[in-house]
There are 2 protein chains.
Amino acid sequence: MNIGEIATRSGLPAKTIRYYESIGLITPLRDTNSYRTFRQQDLHKLTFIGRARALGFSIEDCRNLLALYEDQNRSSADVKSIAHNHLAKIEQKIADLVDMQGTLTRLISACAGDNRPDCPILDSLDIQSR
Amino acid sequence: MNIGEIATRSGLPAKTIRYYESIGLITPLRDTNSYRTFRQQDLHKLTFIGRARALGFSIEDCRNLLALYEDQNRSSADVKSIAHNHLAKIEQKIADLVDMQGTLTRLISACAGDNRPDCPILDSLDIQSR
DNA sequence: ACTTGACCTTCCTGTTGGTGGAACCCTTAG
DNA sequence: CTAAGGGTTCCACCAACAGGAAGGTCAAGT
């Protein structure tokens, strides 16, 4: 398999796949013409990474998850731990964003949104108003 | 005011303030010794930017909000529009994160988290399982 | 006058996870 | 023979800073 085909099959852009190779996530073989040659296991890994990334895992998390994935002697506790830490970060992000959402929603609904300059949104950002 | 003092007063790191100058958000004066000299209006702007950033606005949004803030002939509709677009992005992010949260929560609770290798988290990332 | 320490300066690098483009090579069909 | 559509490397860029090196400046204490 050349990079174009594996890109289609894995759903990842060829650029991304080259990048993943450059950071050592995958190690495709090379043909005599210097083209990358991907095996089934590479497709496997790339699909795995694509799914993990879709769940928001960082590249470093993906690297660790891949290592566990390939380690038949792994403990599921290690996987769970990575996932748990990741979930905690996501929940923190959600909390932060929901805070912003609340404030913005309030400000937006208080703003007339017409051609006059008065604006509670700007007021709340201005030091004067506090 | 030197950079240290305005950093304390604005709550922003000196590094960040220098960065904001480098991208043209603020334009402090310079003393003869080449030290930056900040006026009250600079503190004002930095505080404004800090609050906008805390609401998740991008630097470019901040730039536009600052311009509107200083434009006495602004229309509040323009401010509201920026805020509205930003809110939409935040809500999209929340939705994405909540999706991840749901999937992760399900997977984590299905994972034993013991010293055995079997792991539904890895299974769900593996192509085999679909 | 000298030193010490706390400021300040610029410049360069690294972060995360890629994307875009240039310049060039390889292969195959018409 | 040439053109299209692969592939290759390398370099630059994005956001929004943070860290650190190397050096200039200032104020206080001795």
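Computed from a predicted structure; not experimentally measured.
If you run side chain to side chain contact (heavy atoms under 4.5 Å, CB included) between B:Ile26 and each of B:Leu66, B:Leu43, B:Ile6, B:Ile17, only B:Ile17 comes through.
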Exercise for the section: Could you walk me through whether B:Phe48 and B:Leu25 pass the side-chain contact (heavy atoms from CB on, under 4.5 Å) test, one step at a time? Expected result: CA-CA 11 Å; B:Phe48 183 100; B:Leu25 274 188; over 6 Å; no
Practice task
Test B:Asp114 against A:Ser75 for side-chain hydrogen bond (donor to acceptor under 3.5 Å, both in side chains), laying out the working first.
Solution key: CA-CA 6 Å; B:Asp114 55 19; A:Ser75 298; over 6 Å; no
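Between chain B and DNA chain D, the heavy-atom contact criterion of under 4.0 Å yields a 5' to 3' nucleotide range of D:dA16 to D:dC26. Protein chain B touches strand DNA chain C; the 5'-most and 3'-most nucleotides with an atom under 4.0 angstrom of its non-hydrogen atoms are C:dC7 to C:dT10.
Contact check of residues 57-67 of chain A against DNA chain C (heavy atom, cut-off under 4.0 Å) returns A:Ser58, A:Ile59. Taking every heavy atom of residues 81-88 of chain B and every atom of DNA chain D, no pair lies under 4.0 Å. Using a 4.0 Å cut-off on heavy atoms, the residues of residues 13-37 of chain B that approach DNA chain C are B:Arg18, B:Arg30, B:Ser34, B:Tyr35, B:Arg36, listed by number.
Residue whose closest nucleotide on DNA chain D sits further toward the 5' end, between B:Gly56 and A:Asn2: A:Asn2.
With sequence neighbours excluded, the residues satisfying side-chain contact (heavy atoms from CB on, under 4.5 Å) with B:Asp118 are B:Arg116. Residues satisfying the side-chain contact (heavy atoms from CB on, under 4.5 Å) criterion with B:Ser34, sequence neighbours excluded, are absent altogether. The side-chain contact (heavy atoms from CB on, under 4.5 Å) search around B:Asp31 returns B:Asn33, B:Tyr35, B:Thr37, not counting sequence neighbours. In this structure A:Gln72 satisfies the side-chain hydrogen bond (donor to acceptor under 3.5 Å, both in side chains) test with no other residue, sequence neighbours excluded. Applying the side-chain hydrogen bond (donor to acceptor under 3.5 Å, both in side chains) rule to A:Arg53 yields no partners; only residues at least two apart in sequence or on another chain are considered.
In this structure, OH in A:Tyr69 is found 9.5 Å from NZ in A:Lys45, a value given to the nearest 0.5 Å. Rounded to the nearest 0.5 angstrom, A:Cys119 SG and B:Asp78 CG are separated by 10.0 Å. Rounding to the nearest 0.5 Å places OG1 of B:Thr27 at 7.5 Å from CG of B:Asp42. Rounding to the nearest 0.5 angstrom, the gap separating the CG atom in A:Leu125 from the CD1 atom in B:Ile49 is 10.5 Å. Note that CZ of B:Arg18 and CD1 of B:Ile3 are 4.0 Å apart. Values are rounded to the nearest 0.5 Å. Taking NE2 of B:His84 as the reference point, atom SG of A:Cys111 lies at 11.0 Å (rounded to 0.5 Å).
Scanning all heavy atoms of the two residues, the minimum distance from A:His86 to A:Gly56 falls at CE1-O, 2.9 Å. For the residue pair A:Ala7 and A:Ala14, the shortest heavy atom distance occurs at CB-N, 3.9 Å.
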Under 3.5 Å, which donor-acceptor pairs link side chains of residues 89-100 of chain A to any protein atom two or more places apart or in another chain?
residue: A:Glu91; atom: OE2; partner: B:Gln101; partner atom: NE2; Å: 2.9
residue: A:Gln92; atom: NE2; partner: A:Asp96; partner atom: OD1; Å: 2.9

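Summary of helix geometry: the two end axes of the helix from C:dA1-D:dT30 to C:dG30-D:dC1, each defined by five base pairs via their C1' atoms, are inclined to each other by 40° (rounded to 10°).
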